[in-house]
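Worksheet: one structure, shown below.
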Amino acid sequence: MQEHLESKKAEKKAIPAAERKKIREEEAERVKKYTVATVDGKEERVGNFRIEPPALFLGRGEHPLMGKVKKRIWPEDITINIGPKDPVPECPIPGHKWGKVMHNKAVTWLAFWRDTITNGSKYVWLAADSKFKTVSDAAKFEKARKLHKYIEKIRKDYRRGWKSEDELVRQRSVALYLIDRLALRVGNEKGEDEADTVGCCSLRVEHLTFNDPDVVEFNFLGKDSIRYENSVKVERGAYLGLKKLAQKKKSSDDIFSRLTTSSLNEYLRSLMEGLTAKVFRTYNASLTLDRLLRQGGQQQNVNEQLVFYNKQNKEVAILCNHQRSLPKKHDEQMGKLSVKYEETIEWLRELERAAKEMKASRKDSADVTQWVRPKPDLKPNMTEEQRAAERRRASEAPLEKVAKRMKVDSVHLAIARVHDR
DNA sequence: AACCAGACTTGGAAGAATGTTC
DNA sequence: GAACATTCTTCCAAGTCTGGTT
């Protein structure tokens, strides 16, 4: 199977760029009628207009269903959602027809099917630049801005709650502190058929370690089985409250045993209209980025500004525990870079030595030796494989010594060029 | 109040496209 | 102009959250 895929890949790679572009354009033309939808009289781009193909299910982390067959979805499995007077889109597979056509204007999806692995719902939606998506995205940030007006009151409230006699209030107040302070996700219950990951409300005793003074160590698998590992000095009241909640419980017990995500959100709604746990993530990420960007120097050039922005944005990623695994070839690439770096430094030393020598002897040229990579010897009659082999040979061959006489001007030019890099 | 279905957002991986370098 | 690096796009699993049902 792998061989087959490899050869397909190679076949594709062999197509010249111009032809590949043409193929791409033809394909875009062919699918055009599926990529645009008319919504309230306006044309909108459709997001995922292709049905997910059959495949082996590949969950993330230790997923109980990993490797199960995700079956092919046929038109009969699909429900189409269109305006009551609109013509039903033609089914693209001959001999088949849509499972159902409905007219639900209370939802934003265009088509629906059931996932054969999870039995969950899968939808075809409009693209991110559609009205539906952009309006709701804007509303999300507006809600976060609104939270800014309530946050002091909410913080005061949960600090008071840490000392409450009512255990539910205590649990809720400590949990909310963690969501606010550490930007944790709310952490809904998960089923047997899913990877064992947690968020705030589903934290277990085993995920925490208490260190003095007032330091809590967090170590758990969050969304996408990405590890959250953080040692934080927390406020005294929260520390004591949390420690108390963990006491007399087994390591596999829930810390917030009486708290549910629904009750937490219900409570939040009583504090501010539309407030839910995830708003705190948006709020704190946005506020943090805003604060960090304000610390920037004003007179930087565009390049420096970009570096600065990326640096501050990375801080926000750390807050939200966003992590990307290193690309597969990262080590290799770093190795190459450091080899290149060493070679450049060596060349610089040689040039500087020559410059010094010329200055001392007052001559206008000097002998220099440079170590260069041999060029591949490519002949016009070579096959693609032979060329590749020759290139590989050249890149792996030892460096060649080249001795030459350089004029003083070219030595200085070469030095400047190295510094430019 | 526990449970579940449904709808929608979030976010990382992989692949495709594009840019850069030798 | 190939090879390599970087950026953009697509894909889809995995979350959040609401509202209905038992």
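Heavy atoms only: backbone and side chains are in, while hydrogens, waters and symmetry mates are out. Source: prediction; values computed, not measured. Throughout, a chain's letter reflects where its sequence line sits, starting with A, and its residues are numbered from 1.
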### Query
If you draw a 6.0 Å radius around CD in E90(A), do more than 12 non-hydrogen atoms from other residues or ligands fall strictly inside?
no
### Length of the line joining Y123(A):OH and dC11(C):C1', which is rounded to integer Å
18 Å
### Task
Dump the intermediate steps for side chain to side chain contact (heavy atoms under 4.5 Å, CB included) on F256(A) and L245(A), then the final yes or no.
CA-CA 7 Å; F256(A) 303 107; L245(A) 289 173; 3.8 Å; yes
Would you list the protein and nucleotides 16-18 of chain B atom pairs, both N or O, that sit under 3.5 Å from each other?
unit_1, atom_1, unit_2, atom_2, d
dA16(B), OP1, K12(A), NZ, 3.2
dA17(B), OP1, R24(A), NE, 2.9

### Task
Identify whether any heavy atom of T108(A) sits under 4.0 Å from a base atom; if not, whether one sits that close to sugar-phosphate; answer base, sugar-phosphate or nothing.
sugar-phosphate
### Task
Determine, for nucleotides 12-22 of chain C in 5'-to-3' order, which nucleotides have protein heavy atoms under 4.0 Å from the base (write B), from only the sugar-phosphate (write S), or from neither (write -).
BBBSBBS----
### Task
Please list residues of residues 133-142 of chain A whose heavy atoms come under 4.0 Å from any atom in DNA chain B, ordered by number; otherwise none.
K133(A), S136(A), K140(A)
### Message
Just the rounded figure in Å: distance from C1' of dT9(B) to CZ of R281(A).
### Response
12 Å
### Query
For I226(A) and dG12(B), what is the distance between atoms CD1 and P respectively, to the nearest whole Å?
5 Å
### Query
Counting only heavy atoms not in E26(A), do more than 12 fall under 6.0 Å of its CD?
yes
### Query
Between N321(A) and Q323(A), does any side-chain donor sit less than 3.5 Å from a side-chain acceptor?
yes
### Query
Can you tell me how far C1' of dA5(B) sits from CH2 of W113(A), to the nearest Å?
17 Å
### Message
Are there over 12 heavy-atom neighbours, none belonging to D40(A), within less than 6.0 Å of that residue's CG?
### Response
no
### Query
Which pair of heavy atoms, one from F112(A) and one from S121(A), lies closest together, and at what distance?
CE1-CB, 3.4 Å
#### Entry: Separation of atom CD in Q323(A) from atom P in dG11(B), rounded to whole Å
13 Å
#### Entry: Spacing of R324(A) atom CZ relative to dA14(B) atom C1', expressed in whole Å
10 Å
### Pair E189(A)-D254(A), side chain to side chain contact (heavy atoms under 4.5 Å, CB included): steps then yes or no
CA-CA 11 Å; E189(A) 289 294 318; D254(A) 285 351; 4.1 Å; yes
#### Entry: Other residues, nucleotides, ligands: >12 heavy atoms within 6.0 Å of K133(A) NZ
yes
### Donor + acceptor pair across side chains of E62(A), S225(A) (<3.5 Å)
no
### Query
Between the side chains of T276(A) and N265(A), does any donor sit under 3.5 Å from an acceptor?
no
### Task
Just call it for W125(A): base, sugar-phosphate, or nothing, with non-hydrogen atoms closer than 4.0 Å on any strand.
base
### Message
If only side-chain N and O atoms count, and only distance matters, is there a donor-acceptor pair under 3.5 Å linking R405(A) with S365(A)?
### Response
yes
